Amino acid sequence: MMSSIQMSGRDELLERFLDASSRGDVETVSVLTSQSRELLNRRGDQGWTALMLAARNGHYEVAKVLLSNGCDTSVTNRSGQTAADVAQFWGHRHVVRLLAGGCDRTRDLRHLLPSRAAEEPDTYFNRELLDRKSDRRSDSEWLAAKQASPETVFLLFHQLNPLVSSRAEDAEDGRPDMRLCKLRAPAVQELLKNSDTVVVFLGVEKQETGDGLLAWFALDTEEDPTELLKAEDPSCFFLPGAMPGLLRLSDDDAGVVAQARSVLAWHSRYRFCPTCGSSTKVEDGGYKRTCLRAGCRSLQGVHNTCYPRVDPVVIMLVLHPDGNQCLLGRKKIFPPGMFSCLAGFVEPGEALEAAVRREVLEESGVQVGPVQYVSSQAWPMPSCLMIGCHCVALTTDIKVDESEIEEARWFTRQQVIDALVKDKRAVFSMPPRQAIAHYLLKHWTGFNANL
Ligand SMILES: NC(=O)c1ccc[n+]([C@@H]2O[C@H](COP(=O)([O-])OP(=O)(O)OC[C@H]3O[C@@H](n4cnc5c(N)ncnc54)[C@H](O)[C@@H]3O)[C@@H](O)[C@H]2O)c1
Ligand SMILES: [Mg+2]
Ligand SMILES: [Mg+2]
Ligand SMILES: [Mg+2]
Ligand SMILES: [Zn+2]
């Protein structure tokens with residue numbers, strides 16, 4: 001009698017254990033395992049162990065707990081299948097790999113990273129229309145002559161927004177519909193007279209024209225330039241705000257704007273010496289600010305405070321260890337339905353790989369293994385350098401940092417393709433094609449125009 005009650009108690013425990021493993025309830029599995037280790041390899045009525053049930057349903061974390069407690073992977077069910085066979089049959093490749101017990105899991109996961117594209121992507125903001133001719137920046141006579149030349153192009157910004165005109169004929173969905181207004185010297189003469197105006201030398205056109213090299217400059221004005229514009233083409237206006245306006249340029253114009261806007265933004269924010277607070281003078285065609293106070297520490301040796309800044313940001317597509325899903329997140333400010341790659345500023349003293357792992361863990365709670373650089377993008381808001389990576393997750397449970405991310409989810413490759421082609425079945429919308437996040441997603445799916 002006594003022993004049959006004991007038996008039924010044990011069976012009940014086994015049933016709870018198997019049920020928790022089957023449902024992916026890691027906590028219950030951990031608690032029961034610590035209570036009774038002999039549950040680990042026991043089969044239920046159907047002849048299945050907890051590990052087989054976890055493998056059947058792709059519960060990676062449960063399988064991990066069972067394995068770490070010494071669960072036997074060679075036990076078979078009545079059909080002679082091991083848990084690995086079950087996981088293989090149901091397509092849970094990450095569990096298969098876990099059960100195969102690869103001693104170097106990180107190396108194993110590397111196979112999930114897509115191979116590099118044959119060609120460098122022609123990413124928005126990256127096009128180099130001009131030759132920067134940095135060797136000319138210190139030649140003030142040459143620069144002055146170029147500024148006086150009637151051919152020279154001046155790009156005008158107001159509070160960092162470029163002067164553009166609208167091309168109504170191109171205003172289709174996704175097509176660039178703004179073009180930069182290219183002013184000549186007389187139009188900006190008054191502004192140039194103002195000693196506070198900073199003029200940045202952008203470079204020269206790559207093709208020589210009749211008069212030699214055609215130079216481009218950029219300048220920003222804080223004042224309301226309405227009067228100035230009256231004399232110009234009345235269809236010109238300053239883009240209202242950075243986003244999404246800056247994404248509506250042609251690829252050629254976007255590249256020049258990335259350069260000009262970042263340098264102008266630096267001047268607008270770093271007028272005084274960051275080391276001692278004194279006034280500074282602009283040198284090197286707008287690529288340097290030098291402190292005017294004799295004896296300032298910034299005048300000895302090389303100081304990054306004297307040069308335009310670039311802020312590295314890692315942006316990464318995190319791949320699921322099953323190779324078939326990726327992790328995307330939503331910030332509150334995103335348009336409804338849009339999900340994108342996670343991203344974050346690289347911190348001082350941090351390698352890119354470490355920054356990728358830290359930001360993903362902070363924002364989603366997911367641990368990342370191998371990281372692979374894919375390509376980069378200038379992002380002039382105001383001076384980010386987006387460093388695009390693919391990486392593979394070691395864990396799959398998501399816990400979002402709600403202060404930054406509203407929601408993060410795993411999406412299947414098919415769901416990404418549906419979003420890419422804007423299929424009616426799409427469950428989310430892609431980041432715009434101008435963002436490197438778009439490329440990271442597209443490259444991962446292997447999608448190309450011929451598919
Ligand atoms: N091109 C793209 O596809 C794309 C996609 C996502 C983000 N981005 C850009 O990347 C930037 C960084 O991404 P994030 O916001 O997720 O970063 P993040 O996750 O590191 O969080 C941003 C926060 O970090 C802090 N921070 C640390 N260093 C900073 C610095 N140098 N400048 C400003 N803030 C700093 C600020 O508190 C800021 O609010 C964004 O501002 C955005 O412009 C571009
Ligand atoms: Mg972030
Ligand atoms: Mg972050
Ligand atoms: Mg951060
Ligand atoms: Zn100083």
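Please read these numbers as outputs of a predicted model, since none were measured by experiment. Just follow the structure's listing: the first ligand is 1, and inside any ligand the first atom is 1. The basis for the numbers below is simple: all heavy atoms, side chains too, and nothing from hydrogens, waters or symmetry mates.
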| task | Show your reasoning for whether side-chain hydrogen bond (donor to acceptor under 3.5 Å, both in side chains) applies to N194 and E190. | result | CA-CA 7 Å; N194 182 342; E190 284 306 308; over 6 Å; no
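- Ring geometry for H92 against H94 counts as perpendicular: the plane angle is over 60°, on a 0 to 90° scale with 30° as the lower cut.
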Throw together a table of side-chain donor-acceptor distances under 3.5 angstrom for residues 152-159, partners on residues two or more places apart or in other chains.
unit_1, atom_1, unit_2, atom_2, d
T152, OG1, K146, O, 2.5
H158, ND1, T221, O, 2.8
H158, ND1, E223, O, 3.3

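- For the Zn ion (ligand 5), the set of protein N/O/S atoms nearer than 2.8 Å consists of C273 SG, C276 SG, C291 SG, C296 SG, ordered by chain and number.
- Checked for salt-bridge contact, R309 and D311 meet the test: a charged N lies under 4.0 Å from a carboxylate O.
- Side-chain contact between L317 and H443 is absent, with no heavy atoms from C-beta onward closer than 4.5 Å.
- Sorted by chain and number, the protein atoms of type N, O or S within less than 2.8 Å of the Mg ion (ligand 2) are A343 O, E363 OE2, E404 OE2.
- Between F339 and F428, the ring planes lie perpendicular to each other; the angle is over 60°, past the 30° to 60° tilted range.
- For W444, the ring-ring contact (aromatic ring centres under 6.0 Å, His included) test picks out no residue, with sequence neighbours left out.
- By the 4.0 Å N-to-carboxylate-O rule, D253 lies too far from R179 to be salt-bridged with it.
- Using a 30° and 60° split on the angle between ring planes, F125 and W379 fall in the perpendicular class, above 60°.
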